Amino acid sequence: MKKLVIIPAYNEQGGIEKTVHDVLKYAPEFDYVVINDCSTDDTLEICRKNGFHVINLPVNLGIGGSVQTGYIYAWRNGYDVAVQFDGDGQHNARYLNDMADKLYGERLDMVIGSRYIKKEGFQSSGIRRIGIRYFTGLIKLVTGKKITDPTSGMRMAGREVIEIYAKNYPKDYPEPESVVVVLKEGKKVGEIPVQMNAREEGVSSISPRKSVYYMIKVSLAVLIAAVRR
């Protein structure tokens, strides 16, 4: 079984080395690829210096485009499993084998690493937790499925979902919308409790000023994705 870790990276010079080494240490049976999304810092140079496997995008595609690049790579190279894994050090590779066991043991199509099953480790800010609960309710409303951590960027996909995402993946703030797409396609999605780390360096793409825009845009995207399928 071929398994791939997709690591999207935009200006992650402070965390990318630690992230890849975490994967190599705790999930050595996984291949990995860093998708450098036209970083303006030293992310690419660090990857090259360490001999990391990297796809260097010539233009900035944003998180959706860089993640889709990883899924296209996974599909074309015959991977059975692909897992998204943030390049900023927030995710823990020690959960990757547990996610794979759940994916295949329960015959699921996707497994999401959730912070909110056991509520251990870094839980994000209070305002963001309110937003996450809102999207949990919205997704349950349109799909009937409760996803406790719909904004989690740590999700593992089987071969059929890899194909779906390789063909089409939401471009902007994609996590909640991409879950709805899979659920509306009739795929089985489960969650596994994980602990995540606080970001050590860099800043999130969703600033307080962008929060209202984020909520409105993602809500509309989720509703459109639900109606289309």
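Small disclaimer: the values here were computed from a predicted structure and weren't measured.
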Modelled atom types, side-chain donor and acceptor of Thr40 and Asn11, under 3.5 Å: yes
Assess, by modelled atom type and distance only, whether the side chains of Glu191 and Thr148 contain a donor and an acceptor separated by less than 3.5 Å. yes
Hey, does Asp86 have a side-chain heavy atom less than 4.5 Å from the side chain of Thr19? no
Report yes if the side chains of Ile112 and Met154 come closer than 4.5 Å at any heavy-atom pair, otherwise no. no
Working to the nearest 0.5 angstrom, can you tell me the gap between Gln90 CD and Met196 CE? 8.0 Å
Say you draw a straight line from CD of Gln195 to OG of Ser114; how long is it, rounded to the nearest 0.5 Å? 12.0 Å
side-chain hydrogen bond (donor to acceptor under 3.5 Å, both in side chains) between Ser219 and Tyr134: does it pass, once the steps are laid out? CA-CA 10 Å; Ser219 296; Tyr134 164 77; 2.8 Å; yes
Could you tell me if Arg155 and Ser178 have a donor-acceptor pair between their side chains, going purely by distance under 3.5 Å? yes
Taking Cys38's backbone N and O only, do any of them form a donor-acceptor pair with Asn60's side chain (distance below 3.5 Å, no angle check)? no
Arg159/Glu163 ion pair, N-O < 4.0 Å: no
Is any side-chain heavy atom of Leu4 closer than 4.5 Å to one of Ile6? yes
Can you check whether Phe135 reaches Met215 side chain to side chain, under 4.5 Å on heavy atoms? yes
Apply the side-chain contact (heavy atoms from CB on, under 4.5 Å) test between Thr69 and each candidate in Asp37, Ile35, Asn36; give the one that qualifies. Ile35
Are the side chains of Tyr104 and Val81 in touch, meaning some heavy atoms are under 4.5 Å apart? yes
First locate atom OH of Tyr95, then atom CZ of Phe85, and finally report the distance between them rounded to the nearest 0.5 Å. 11.0 Å
Give the ring-plane orientation class for Tyr32 versus His53, where under 30° counts as parallel, over 60° as perpendicular and anything between as tilted. parallel
Under-4.0 Å salt bridge between Lys188 and Asp109: no
Tell me yes or no: between the side chains of Asn197 and Asn92, is some donor less than 3.5 Å from an acceptor? yes
Ring centroids only, cut at 6.0 angstrom: are Phe52 and His21 within range, meaning strictly under it? yes
CE on Met156 to CG on Leu96, rounded to 0.5 Å: 5.5 Å
Should Lys184 and Val142 count as side-chain neighbours, where that means a heavy-atom distance under 4.5 Å? no
Answer whether the closest heavy-atom distance between the side chains of Asp98 and Lys102 falls below 4.5 Å. no
Assess the side chains of Thr43 and Tyr10: does a donor N or O sit below 3.5 Å from an acceptor N or O? no
